[in-house]
Structures are given as C-alpha cells and as structure tokens.
Amino acid sequence: MMNHATFAAEEAVTAVAAPAQPGRHFVSLPPRRARDCRKASLGRMDLATSAVLMGGSLLDSMKASSPRHPMSPAGADNEEWIEKHPSALEWFEGVLAAAEGKQIVMFLDYDGTLSPIVQDPDRAVMTEEMREAVRGVAQHFPTAIVSGRCRDKVFNFVKLEELYYAGSHGMDIKGPTKMSNHKAKADEVLCQPATEFLPVIQEVYEKLTAKMESIPGAMVENNKFCLSVHFRCVEEAEWDALGSEVKAVLDDYPKLCLTKGRKVLEIRPSIEWNKGHALKFLLKSLGYAGRSDVFPIYIGDDRTDEDAFKVLQNMGQGIGILVTKFPKDTSASYSLREPAEVKEFMRKLVKSNGIKKG
C-alpha cells in the first residue's frame, strides 16, 4: 500500500509530511465516535447561512437554484465571473504552486461532480474512467466522497473501499473498509450526529411520498438522515404546487429545515452540521486540523457544497472548485464546467506527482 504523497510542482514524488508510518495510508489516530460529533452538532443550524428557505417565494427560490442557460466561454456577461472563478484546468500551474510541499486532502461531491445529473437519480452511475481517476487520486491522497445521498447508496455507486464516505450532507461518515492497523473496523461508524432524527425523517418520508403521488414526475428519495424531493421531471407549472405541499408537511415538524439544490428540495434536521462540518471533522480525524502544511481540495457542484467552500475560505487553506456551466454566487476559488473536466483535473494531479498509473 502506498503512502499518501505531499504535492510538488515538479514531476516527482515528494516525501510524505503527514505523520503516517511507512506503508500506511492513514495517521495513527483513534477514530472519533458518533457521540463526539453529536456533541459538536448540539447547536441549532444557522438558518441564515445554510440556504434555508424561511421566507419569500419558495417558487422563486426553486427557479433560482435551477438555471437553464449555460455560460458561453466567450460571453461578455460572464467574463467577470470567470475572472473571479477561473478554470482549475487552465490555471492548473497556479494550483500546483499553491499546493507545493503540502499534503493534499481531496473531498469530492458525487452527483454533478463525479457523475452527470440525470433524470432518474437511481441511474446516476459513474463511468469506469471516472472510477479509475478517483482510485488514482486516493492511492496518494486521503480522499472522501461528501454527498447528500445516503452513504450506502453513494458507496454502491463509487465502489471504492479505500475512501472515506460522508453521506446525508455529512451526517453519516464512515472510514475506509480497506483498513490499516490504525483505523476502526470496517463496521464502525465515525460520525452520525443526527441519529435521534431517524424516526421523524422516516415519518416525513412516508407523508411526502403520499403527497407527491398527485404530482407527475415528482420523486422523494430517502437518504437516511435527510430527504430529497426531486422535481427535475416535474413540469415547471407544477413547481409551485410541489413546493406548497412540501412546506405544508414541514409545518408540523419545526425541528426539520428545508434547503434547495439543483431541481431538488432537501429536508434536513435543524442541527449545526453540514458539508463544511464534515470537512473539518475529517481533517481533524486524519490529524490535519490546525496544520499549515495541509492543502484541502473540495470539488462540488451544488449549493450545499458552499458550506465546505466557506470553511476553506475561512481557513485560508486549500481551494474550493465549483462544477458549473452557469455563473453562480459562490465561495469557491476555481471552477470546472462538467464531470469530464473533474476527471481531467484529477488525472493531472496524479500525473503531476509523477505517479504511474497501472
């Protein structure tokens, strides 16, 4: 098993700076238990900063989160946005320079980042080429998938045992099942801060499923610690009715909150925990919290990934990369247009470390 390498601008592998024993992937720190992260999440979610829909028109918010006109690379209207969030491929040498001599830790969203956005969420499979790109990165950098999906479901999509998986927007975190002597057993959960909400999540799932039967194309997905109401296949004329039905159900559950994504409404526990908290939890679990020689890279495409981008921005370390064809308000430093560019970016990271694939 290879070491995780620090990043160098030269075409060579640099000695590992992380406190890991030779031949091991991970540092020798005991995993934090679920009770530890539950303590960290006791505060109520900051609704103002978590894209929670508390007022105004839900329909307007649904439309705003689902843009329909991609950027033109040469469009004058988008030049300012592209200047602020340049392509991570076109500015790859700048990324290399910033990461030189530091330990990269890779965080990847799934839908829209490693797989294309599709009509049926159950068919959002990743290609074998993408899987190989992720496997190549994970051989040399600690790598986590951070998704709104149920952790088991996203694992079944990715099928790589050497990764960390943070499902349900980071509320269900588990370490690699290809274990070293330093890590927990395969069946030990690292973090589940919202366990007490499982019964109410199931109850709301059943109610929403019944309500959505009257709206053609609507789909409710149970992601264990959160729910997703997909309206990608719903006629826009029905969006208002769909939003009203969702809000009517949630009126009886004040401890749940509603957030929006790309043609999806998310129902989550109102706890202070999101993808940004998951990023910080994983960095701490790996022994990298508070260290200046760490370079986290977070790649994601959705509004929920902004919590992680903001954490990196506040840390003043690493970079956030937004995957989008549309200009959006974001705290990410760079952009990529689609999963194919994400795959190319990961391949370049591997190649720039002098790692031979095979």
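Just the heavy atoms: all of them, side chains too, but no hydrogens, waters or symmetry mates, feed the values below.
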Q: What distance do Leu279 atom CG and Met315 atom CE have between them, rounded to the nearest 0.5 Å?
A: 7.0 Å

Q: Would a hydrophobic clustering, with Ile, Leu, Val, Met, Phe, Trp and Tyr connected at side-chain separations under 4.5 Å, put Leu250 with Met212?
A: yes

Q: Could you tell me whether the side chain of Asp305 and the main chain of Asp301 form a donor-acceptor pair under 3.5 Å?
A: yes

Q: Could you give the distance from CD (Glu238) to SG (Cys233), rounded to the nearest 0.5 Å?
A: 13.5 Å

Q: So does Leu89 get a backbone contact from the side chain of Ser87, meaning a donor-acceptor N/O pair under 3.5 Å?
A: yes

Q: Dump the intermediate steps for side-chain contact (heavy atoms from CB on, under 4.5 Å) on Leu198 and Lys224, then the final yes or no.
A: CA-CA 7 Å; Leu198 286 175; Lys224 190 172 182 176; 3.9 Å; yes

Q: Please identify each residue that fulfils ring-ring contact (aromatic ring centres under 6.0 Å, His included) with Tyr298, with sequence neighbours left out.
A: Phe309

Q: Check Val234 against Ala218 and note the closest heavy-atom contact, atom names and distance.
A: CG2-N, 3.4 Å

Q: Is there any side-chain hydrogen bond (donor to acceptor under 3.5 Å, both in side chains) pair reaching into residues 311-323, and which pairs are they, with sequence neighbours excluded?
A: none

Q: Please assess Leu114 against Phe157 for the test side-chain contact (heavy atoms from CB on, under 4.5 Å), listing each intermediate value before the final yes or no.
A: CA-CA 10 Å; Leu114 300 181; Phe157 280 137; over 6 Å; no

Q: In the structure I gave you, are the side-chain heavy atoms of Tyr164 and Ile145 within less than 4.5 Å of one another anywhere?
A: no

Q: Are side-chain heavy atoms of Glu203 and Tyr253 found at a separation under 4.5 Å?
A: yes

Q: Any link between Phe326 and Val118 through a network of hydrophobic side chains (Ile, Leu, Val, Met, Phe, Trp, Tyr) touching at under 4.5 Å?
A: no

Q: Kindly say whether Leu349 contributes a backbone atom to a donor-acceptor pair with the side chain of Ser352 at under 3.5 angstrom?
A: no

Q: Backbone N or O of Phe141 within a donor-acceptor pair of the Thr143 side chain at under 3.5 Å?
A: yes

Q: Short question: side chain of His277, backbone of Asn274 - any donor-acceptor pair under 3.5 Å?
A: yes

Q: In terms of hydrophobic clustering (I, L, V, M, F, W, Y; side-chain heavy atoms under 4.5 Å; direct or indirect links), are Leu265 and Val200 co-clustered?
A: yes

Q: Check the pair Lys310 / Glu306 against salt bridge (Lys or Arg N to Asp or Glu O under 4.0 Å), numbers first and verdict last.
A: CA-CA 6 Å; Lys310 289 174 183 176; Glu306 291 297 324; 6.0 Å; no

Q: Would Glu132 and Val134 satisfy side-chain contact (heavy atoms from CB on, under 4.5 Å), going step by step from the backbone distance to the final call?
A: CA-CA 5 Å; Glu132 285 302 311; Val134 176; over 6 Å; no

Q: Using the rule given for side-chain contact (heavy atoms from CB on, under 4.5 Å), can you reason through Leu286 versus Val105, listing the C-alpha separation, both sets of side-chain angles and the distance that settles it, and then say yes or no?
A: CA-CA 10 Å; Leu286 286 164; Val105 184; 4.2 Å; yes

Q: If you take all heavy atoms of Ser270 and Leu256, which pair is closest and at what distance?
A: OG-C, 3.4 Å

Q: In Å, rounded to the nearest 0.5 Å, how long is the span from NZ of Lys247 to CD1 of Ile267?
A: 12.5 Å

Q: Quick check: does any side chain N or O of Tyr110 sit under 3.5 Å from a backbone N or O of Ala124, one acting as donor and the other as acceptor?
A: yes

Q: Should Lys260 and Glu266 count as an ion pair when the cut-off is N to O under 4.0 Å?
A: no

Q: Which label fits His85 and Trp81: parallel for a plane angle under 30°, tilted from 30 to 60°, or perpendicular past 60°?
A: tilted

Q: List the atom of Cys257, the atom of Pro269, and the distance in Å for their closest heavy-atom pair.
A: SG-O, 4.1 Å

Q: Can you name the one residue among Leu322, Ile319, Ile299, Ile297 that meets side chain to side chain contact (heavy atoms under 4.5 Å, CB included) with Tyr334?
A: Ile319

Q: With a 4.5 Å limit on heavy-atom distance, are the side chains of Lys207 and Val204 in contact?
A: no

Q: Okay, side chain of Ser168, backbone of Met171: is any donor-acceptor separation there less than 3.5 Å?
A: no

Q: Is it true that Lys153 and Asp122 have a side-chain N and a carboxylate O under 4.0 angstrom from each other?
A: yes

Q: Does the separation of the ring centres of Trp239 and Phe231 fall below 6.0 angstrom?
A: yes

Q: Find out whether Arg135 and Met346 are in side-chain contact, i.e. whether some heavy atom of one side chain is under 4.5 Å from a heavy atom of the other.
A: no

Q: Taking C-beta and beyond as the side chain, do Ser335 and Ile321 meet within less than 4.5 Å on heavy atoms?
A: no

Q: Grab the two heavy atoms, one from Ile271 and one from Ala194, that are nearest each other, plus how far apart they are.
A: CD1-CB, 3.8 Å

Q: In the structure I gave you, are the side-chain heavy atoms of Leu282 and Phe107 within less than 4.5 Å of one another anywhere?
A: yes

Q: So, applying salt bridge (Lys or Arg N to Asp or Glu O under 4.0 Å) with Asp111, which one of Lys263, Arg123, Arg149 is it?
A: Arg149

Q: Kindly work out whether a path of hydrophobic side-chain contacts (I/L/V/M/F/W/Y, heavy atoms less than 4.5 Å apart) joins Ile117 to Met219.
A: no

Q: With Gln202, which residues qualify under side chain to side chain contact (heavy atoms under 4.5 Å, CB included), at least two apart?
A: Tyr205, Glu206, Asn222

Q: In terms of side-chain geometry, is the basic nitrogen of Lys348 or Glu344 positioned less than 4.0 Å from the acidic oxygen of its partner?
A: no

Q: Within a strict 4.5 Å, meaning less than it, do heavy atoms of the Leu163 and Tyr165 side chains meet?
A: yes

Q: Quick check for you: to the nearest 0.5 Å, what is the distance between Tyr288 atom OH and Leu283 atom CG?
A: 9.0 Å

Q: If you measure only the distance, is there a donor-acceptor pair under 3.5 Å linking the side chains of Lys275 and Thr304?
A: yes

Q: Among the clusters formed by ILVMFWY side chains lying less than 4.5 Å apart, do Val229 and Ile215 turn up in the same one?
A: yes

Q: Does the pair Glu128/Arg131 count as a salt bridge with the N-to-O cut at 4.0 Å?
A: yes

Q: Taking all non-hydrogen atoms of both residues into account, name the closest pair between Pro296 and Leu312 and its distance.
A: CB-CD2, 3.6 Å

Q: Using atom types as modelled and distance alone, determine if a side-chain donor or acceptor of Arg262 lies under 3.5 Å from a backbone N or O of Arg232.
A: no

Q: Without swapping roles, check the side chain of Trp273 against the backbone of Gly170 for a donor-acceptor pair under 3.5 Å.
A: yes

Q: In this structure, is the centre-to-centre distance between the rings of Phe92 and Phe345 below 6.0 Å?
A: yes

Q: Say you draw a straight line from CG of Asp240 to CD of Glu245; how long is it, rounded to the nearest 0.5 Å?
A: 10.5 Å

Q: With rounding to the nearest 0.5 angstrom, report the NE2 to OG distance, His169 to Ser147.
A: 7.5 Å

Q: Take Asn223 and Ser228 through the side chain to side chain donor-acceptor pair (under 3.5 Å) test and state the conclusion after the steps.
A: CA-CA 7 Å; Asn223 292 310; Ser228 299; 2.9 Å; yes

Q: Near Lys343 NZ, under 6.0 Å, is it more than 12 heavy atoms from other residues, nucleotides or ligands?
A: yes

Q: Side chains of Val323 and Asp302: does their closest heavy-atom pair fall under 4.5 Å?
A: no

Q: I need the minimum non-hydrogen distance between Gly175 and Leu190, along with the two atoms involved.
A: N-CD1, 3.4 Å

